[in-house]
Amino acid sequence: MTFASVDFLAFFAAALVLYWAAPWRRVQNGLLLAASWFFCGYVHPWFCIPLAATAALDYGCALGMRRNPSRRRALLVTSVAAHLGALGVFKYFNFFAESIGAVLAAAGLDVSAPVMRETATA
């Protein structure tokens, strides 16, 4: 589901109506969480795996910050670095794989570069 699709517009409208109709903040937060997971897993359910991994890391870092306040900065840096690393992998993997493949091809090596592709169209 892309942001410029009818599916997203319907999803967003339904989520917005349900959010504002929810009686308590806790219900609204749960609804936003469920809507986020649905949005991430709509095209491919395996997209929820990195989301779960980073959420578990953040939860562990938050627990560590609470237990050991002197390590707060290190745990925060760990959490932010993990998120930026995941973003970098998913956003730039194809670019670097294709660039390395082009360099190797220029050197005379015929190597097929691995590419992350979305296999289903939404």
Taking the ring of Phe39 and the ring of Phe8, is the distance between their centroids below 6.0 Å? yes
Should Leu109 and Ile100 be regarded as members of a common hydrophobic cluster, given that ILVMFWY residues are connected when their side-chain heavy atoms come within less than 4.5 Å of each other, either directly or indirectly? yes
Could you tell me which non-hydrogen atom of Thr78 sits nearest to which non-hydrogen atom of Leu57, and how far apart they are? O-CD2, 4.3 Å
Expected output: side-chain Ser79 to main-chain Leu75 donor-acceptor under 3.5 Å: no
Closest heavy-atom pair, Gln28 versus Tyr19, reported as atoms and distance to 0.1 Å, is NE2-O, 3.1 Å
Flag side-chain contact, heavy atom, 4.5 Å: Leu33 against Asn29: no
Can you measure from SG (Cys61) to CZ (Arg72) and round to the nearest 0.5 angstrom? 12.5 Å
Does any part of the side chain of Phe11, heavy atoms only, come nearer than 4.5 Å to the side chain of Phe38, both counted from C-beta? yes
Consider only side-chain heavy atoms of I, L, V, M, F, W and Y, link residues closer than 4.5 Å, and tell whether Met65 and Val80 are in one cluster. yes
Side chains of Tyr42 and Asp7, heavy atoms from C-beta outward: is any pair under 4.5 Å? yes
Compare every heavy atom of Phe47 with every heavy atom of Cys40, then report the nearest pair and how far apart it is. O-CB, 3.2 Å
Minimum heavy-atom distance between Leu31 and Leu18, given as atom pair plus value: CD2-C, 3.4 Å
Is atom CZ of Phe12 surrounded by more than 12 heavy atoms (other residues, nucleotides or ligands) closer than 6.0 Å? no
If you define the side chain from C-beta out and look only at heavy atoms, does anything of Leu16 sit under 4.5 Å from Trp20? yes
With the 4.5 Å side-chain cut-off for hydrophobic clustering, are Phe90 and Ile49 part of the same group? yes
Measure the CZ-CD distance between Phe93 and Glu98 for me, rounded to the nearest 0.5 Å. 10.0 Å
Below 4.5 Å, heavy atoms only, C-beta onward: do His83 and Asp58 meet side chain to side chain? yes
